[in-house]
Student: 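A single structure is presented below for examination.
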Amino acid sequence: MRFFIKQIQALKRAARLILYRSVERDVVARFHKLYYHGRQRGLSWGDTYWLGTQVLKCPLDLWLYQELIQDYRPDLVIETGTYMGGSAKFIASIFDLVGHGEIVSIDINPREGRPDHDRITYVTGSSVDPDIVELVREMAKGKPKVMVILDSNHEKSHVDAEIAVFKDLIQPGGYLVVEDTHLNGNPIRDEFGPGPMEAVEEFLRSTNEFETDPAGTKFFMTFNPHGLLKRIG
Ligand SMILES: C[S@@+](CC[C@H](N)C(=O)[O-])C[C@H]1O[C@@H](n2cnc3c(N)ncnc32)[C@H](O)[C@@H]1O
């Protein structure tokens, strides 16, 4: 009898946990949609600045970058998609605080008014243009700790091409961040079509060298679910 009571209690606990997880997922997805669409009202990620420069990110994701930089201490961050330079400036500021690192930020569109910083190099051109890739590879030479952040064109074919050209610059222990995996219904913009999430899924099916780092979702909401990839081999 005592055995059956214990079994029933264990089943109840398991059911409560399943219910809790599903409520949790729902709350996170609803807040994610509220936050994402807040930009249309001039709020949230459309009105976010790092030391005066606009940055198109969720602050929780920026905080995660701060922790990764503190722990991993990259020599070089390669960022695709500069926009106003806010994310490059954020990373350069953290590099200043830890006393190490530089960032190269690539954008197809030049823009006036991007912040000047000794640790930032801006490169104008497509992130998958062979000449640009060669230039960036030269900059990565002799730098064992490279971290890559993909935040340019979010169509799957482009993200696939970016992963293909930059992945081998990352050493075991290093990071590849595929941003905006939340597109195409994960949970926002159902209509987007194949994007970063689908590129990540296909990439992870093709390799044993990278895996999703669960730290990427530790703040519950991230614009990059399953997009923080760590090189393990
Ligand atoms: C989402 S914004 C980048 C936001 C920036 N990283 C931030 O967090 O503030 C995307 C940028 O990618 C650039 N872009 C689009 N296609 C590109 C390509 N093929 N190569 C490089 N940059 C591209 C756009 O010009 C735009 O500035």
Side-chain angles (χ1 to χ4, degrees), residues 28 31-70 74 76-98 101-129 132 136 139 147-155 158-159 162 166 175-184 186-189 191-192 195-197 216-217 219-225 227-228:
V28 173
F31 180 70
H32 196 137
K33 288 176 186 170
L34 175 72
Y35 191 86
Y36 182 81
H37 294 295
R39 188 183 182 196
Q40 291 158 357
R41 293 152 56 196
L43 305 172
S44 67
W45 65 291
D47 191 23
T48 299
Y49 296 81
W50 176 252
L51 301 176
T53 305
Q54 190 177 14
V55 51
L56 293 182
K57 295 207 195 305
C58 166
L60 294 175
D61 291 327
L62 291 171
W63 192 268
L64 198 65
Y65 281 137
Q66 170 270 131
E67 293 189 6
L68 289 177
I69 289 168
Q70 162 64 21
L76 178 70
V77 166
I78 300 168
E79 175 188 59
T80 70
T82 312
Y83 190 54
M84 296 309 295
S87 46
K89 184 172 167 182
F90 176 83
I91 286 166
S93 301
I94 305 302
F95 281 158
D96 278 345
L97 290 172
V98 300
E102 59 183 281
I103 172 162
V104 55
S105 186
I106 309 161
D107 202 294
I108 202 161
N109 294 311
R111 264 177 216 273
E112 291 294 313
R114 285 177 178 150
D116 283 327
H117 194 292
D118 289 350
R119 295 183 186 273
I120 305 176
T121 304
Y122 296 111
V123 171
T124 302
S126 172
S127 51
V128 294
D129 176 320
I132 301 287
V136 171
M139 294 177 75
M147 176 171 162
V148 176
I149 300 172
L150 305 181
D151 189 23
S152 66
N153 175 342
H154 298 308
E155 285 164 28
H158 187 77
V159 181
E162 287 186 323
F166 293 123
Y175 292 93
L176 167 64
V177 190
V178 181
E179 290 218 349
D180 291 300
T181 43
H182 62 166
L183 293 166
N184 203 26
N186 302 297
I188 52 106
R189 302 272 313 268
E191 84 300 345
F192 188 83
M197 178 66 93
T217 43
F219 299 133
F220 293 102
M221 192 187 75
T222 171
F223 279 11
N224 318 316
L228 176 63

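Since this is a predicted model, take the numbers as computed values, not measurements.
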Student: Mind checking side-chain hydrogen bond (donor to acceptor under 3.5 Å, both in side chains) for D151 and listing every partner two or more places apart, or none if nothing turns up?
Tutor: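 Checked D151 against side-chain hydrogen bond (donor to acceptor under 3.5 Å, both in side chains); matches are K57, H154.
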
Student: Are more than 12 heavy atoms, taken from residues, nucleotides or ligands other than E155, located less than 6.0 Å from that residue's CD atom?
Tutor: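 Atom CD in E155 is not crowded, with 12 or fewer foreign heavy atoms closer than 6.0 Å.
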
Student: Can you find a pair of side-chain heavy atoms, one from I94 and one from Y65, that are under 4.5 Å apart?
Tutor: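 The answer is no; the side chains never approach within 4.5 Å.
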
Student: From M147 CE over to E79 CD, what is the distance, rounded to the nearest 0.5 angstrom?
Tutor: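 Interatomic distance, M147 CE to E79 CD, rounded to 0.5 Å: 10.0 Å.
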
Student: Where do T121 and M139 land on the side-chain contact (heavy atoms from CB on, under 4.5 Å) test, with the steps shown first?
Tutor: CA-CA 10 Å; T121 304; M139 294 177 75; 3.8 Å; yes

Student: Please report the closest heavy-atom contact between L51 and S93, naming both atoms and the distance.
Tutor: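 For L51 and S93, the tightest heavy-atom pair comes out as CD1-OG, 3.9 Å.
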
Student: Please list, chain by chain and in numerical order, all residues satisfying ring pair (Phe, Tyr, Trp, His ring centres under 6.0 Å) with H32, sequence neighbours excluded.
Tutor: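 H182, F223.
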
Student: Verify the neighbour count for atom CG of D118: are there more than 12 heavy atoms of other residues, nucleotides or ligands below 6.0 Å?
Tutor: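 No.
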
Student: Which pair of heavy atoms, one from I132 and one from G125, lies closest together, and at what distance?
Tutor: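 The pair with the smallest heavy-atom distance is CD1-CA, 3.9 Å.
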
Student: Using a distance-only test with no angle check, is there a side-chain donor-acceptor pair under 3.5 angstrom linking S126 and H158?
Tutor: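 Not at all, the side chains of S126 and H158 share no donor-acceptor pair under 3.5 Å.
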
Student: Does any N or O in the side chain of E162 come within less than 3.5 Å of the main-chain N or O of V128, such that one atom is a donor and the other an acceptor?
Tutor: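 Not a single qualifying donor-acceptor pair exists.
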
Student: Would you name the heavy atoms of Q54 and L56 that are closest together and state the gap between them?
Tutor: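 Smallest interatomic distance, heavy atoms only, reads NE2-CD2, 3.8 Å.
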
Student: Please report the closest heavy-atom contact between L64 and G216, naming both atoms and the distance.
Tutor: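 Looks like CD2-CA, 3.7 Å.
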
Student: When you measure from the side chain of D107 to the backbone of T124, do you find a donor-acceptor pair of N or O atoms at a distance under 3.5 Å?
Tutor: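 No.
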
Student: Could you give the distance from CD (E179) to CG (N224), rounded to the nearest 0.5 Å?
Tutor: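 Nearest 0.5 Å value for the CD-CG distance: 4.5 Å.
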
Student: Report the residues that fulfil side-chain hydrogen bond (donor to acceptor under 3.5 Å, both in side chains) with W45, sequence neighbours left out, ordered by chain and then residue number.
Tutor: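 Once residues adjacent in sequence are excluded, W45 has no partner under the side-chain hydrogen bond (donor to acceptor under 3.5 Å, both in side chains) criterion.
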
Student: Please identify each residue that fulfils side-chain hydrogen bond (donor to acceptor under 3.5 Å, both in side chains) with D96, with sequence neighbours left out.
Tutor: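 If we apply the side-chain hydrogen bond (donor to acceptor under 3.5 Å, both in side chains) test to D96, skipping adjacent residues, the hits are H117, R119.
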
Student: When you measure from the side chain of T217 to the backbone N and O of P225, does any donor-acceptor pair fall under 3.5 Å?
Tutor: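 Not confirmed, T217 side chain does not pair with P225 backbone.
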
Student: Please determine whether side-chain contact (heavy atoms from CB on, under 4.5 Å) holds for the pair V55 and W50, giving the CA-CA distance in whole Å, both sets of side-chain angles, and the decisive distance to 0.1 Å.
Tutor: CA-CA 6 Å; V55 51; W50 176 252; 4.3 Å; yes

Student: With a 4.5 Å limit on heavy-atom distance, are the side chains of I103 and I149 in contact?
Tutor: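 With C-beta onward as the side chain, the pair stays apart.
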
Student: Kindly write out the residues that satisfy side-chain hydrogen bond (donor to acceptor under 3.5 Å, both in side chains) with D61, not counting sequence neighbours, or none if the list is empty.
Tutor: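 Scan of D61 (side-chain hydrogen bond (donor to acceptor under 3.5 Å, both in side chains), adjacent residues dropped) gives T222.
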
Student: Taking L183's backbone N and O only, do any of them form a donor-acceptor pair with N186's side chain (distance below 3.5 Å, no angle check)?
Tutor: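 Such a contact is found between N186 side chain and L183 backbone.
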
Student: Could you tell me whether the side chain of Y83 reaches within less than 4.5 Å of the side chain of S105, counting heavy atoms only?
Tutor: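 No - every pair of side-chain heavy atoms lies 4.5 Å or more apart.
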
Student: Let's go through L150 and L176 carefully: what are the C-alpha distance in whole Å and the side-chain angles of both, what is the deciding distance for side-chain contact (heavy atoms from CB on, under 4.5 Å) to 0.1 Å, and is it a yes or a no?
Tutor: CA-CA 8 Å; L150 305 181; L176 167 64; 4.0 Å; yes

Student: On a heavy-atom basis, which atom in S44 and which in R39 lie closest, and how many Å separate them?
Tutor: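 Nearest heavy atoms, S44 then R39: OG-N, 3.4 Å.
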
Student: If you compare all heavy atoms of F220 against all heavy atoms of V28, which two are closest, and at what distance to 0.1 Å?
Tutor: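 In terms of heavy atoms, the two residues are closest at O-CG1, 3.6 Å.
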
Student: List the residues meeting salt bridge (Lys or Arg N to Asp or Glu O under 4.0 Å) with E112, not counting sequence neighbours, and say none if there are none.
Tutor: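 Partners of E112 under the salt bridge (Lys or Arg N to Asp or Glu O under 4.0 Å) test: none.
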
Student: Less than 4.5 Å apart, any side-chain heavy atom of C58 and any of Y36?
Tutor: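 No, their side chains stay 4.5 Å or more apart.
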
Student: To the closest 0.5 Å, what do you measure between CG (L97) and CD (Q70)?
Tutor: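 Between L97 CG and Q70 CD, I get 9.5 Å after rounding to 0.5 Å.
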
Student: T82 vs R111, test: side-chain contact (heavy atoms from CB on, under 4.5 Å). Steps then yes/no.
Tutor: CA-CA 9 Å; T82 312; R111 264 177 216 273; over 6 Å; no

